[in-house]
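Counting begins at 1 with the first residue of the sequence.
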Amino acid sequence: PEPAIDMIAATRTFHRGLGLLKRMTLAQIDLDLHTQYDPDGELQVFDVANLIAGEFAVIPPRVQDRELCSALISDEYGGATLVADLWAEALAADVLTEFETEGFDDERAVARLGRKFRHTMLAPGGGRSPVSAL
């Protein structure tokens with residue numbers, strides 16, 4: 001039945017959004033713990049994590065939840081990698097939208113956008129903010 005198929009397809013997209021919210025939650029927890037958390041304050045680390053999770057979660061976190069981060073963070077940048085990954089995905093989605101708008105069947109438009117992407121995003125390297133490039 002067509003309605004059941006549509007419901008399954010919508011659920012798949014919904015669950016993809018839940019995964020993104022989880023990653024955003026972990027990134028925000030990391031940022032807040034490293035910039036605002038006071039270890040001598042009234043709140044424990046998990047209290048702060050649950051407060052932040054409550055802001056992002058579709059389903060409220062349980063008091064018993066104790067997961068701060070399931071990703072192995074072993075480089076010098078630590079949890080900033082979580083934020084950088086989310087930012088890279090957002091930029092990639094913006095670029096893909098540009099290509100989709102022009103249409104992948106139009107070879108001239110794809111070539112023009114490819115040159116624009118190379119010139120505005122890749123050529124400057126880290127010398128210019130990606131936000132100003134877009």
When you look at CD of E89, are more than 12 heavy atoms from neighbouring residues, nucleotides or ligands closer to it than 6.0 Å?
-> yes
How long is the span from the CG atom in L43 to the CG atom in N50, to the nearest 0.5 Å?
-> 11.0 Å
When rounded to the nearest 0.5 angstrom, what distance separates CE in M121 from CG in D94?
-> 9.0 Å
Between L91 and V95, does a side-chain contact (heavy atoms from CB on, under 4.5 Å) hold up when you go through it step by step?
-> CA-CA 6 Å; L91 289 176; V95 170; 5.6 Å; no
Closest non-hydrogen atom pair between T25 and A53, with its separation | CG2-CA, 3.6 Å
Quick one: OG1 on T120 to NZ on K116, what's the gap to the nearest 0.5 Å?
-> 6.5 Å
Measuring from L20:CG to L86:CG, what's the distance to the nearest 0.5 Å?
-> 6.5 Å
Which distance, rounded to the nearest 0.5 Å, do you find between the CD1 of I29 and the CD of E55?
-> 10.0 Å
Treat each ILVMFWY residue as a node, draw an edge where side-chain heavy atoms are under 4.5 Å apart, and state whether L51 and V58 are in one component.
-> yes
Looking only at heavy atoms, what is the nearest atom pair of E98 and L113, with distance?
-> O-CD1, 3.5 Å
Near L96 CG, under 6.0 Å, is it more than 12 heavy atoms from other residues, nucleotides or ligands?
-> yes
Identify whether I8 and L18 are in the same connected component of the hydrophobic contact network (ILVMFWY, side-chain heavy atoms under 4.5 Å).
-> no
Give a yes or no on this: more than 12 heavy atoms of other residues, nucleotides or ligands lie within 6.0 Å of atom CG of D38.
-> yes
Above 12 or not: heavy atoms from other molecules or residues under 6.0 Å from CD of E100?
-> yes
For the pair Y37 (side chain) and L31 (backbone), establish whether a donor and an acceptor sit closer than 3.5 Å, ignoring hydrogens and angles.
-> no
Are the side chains of D32 and Q28 in touch, meaning some heavy atoms are under 4.5 Å apart?
-> yes
Minimum heavy-atom distance between R23 and D85, given as atom pair plus value = NH2-CB, 4.0 Å
Does R115 offer a backbone N or O that forms a donor-acceptor pair with the side chain of H119 under 3.5 Å?
-> no
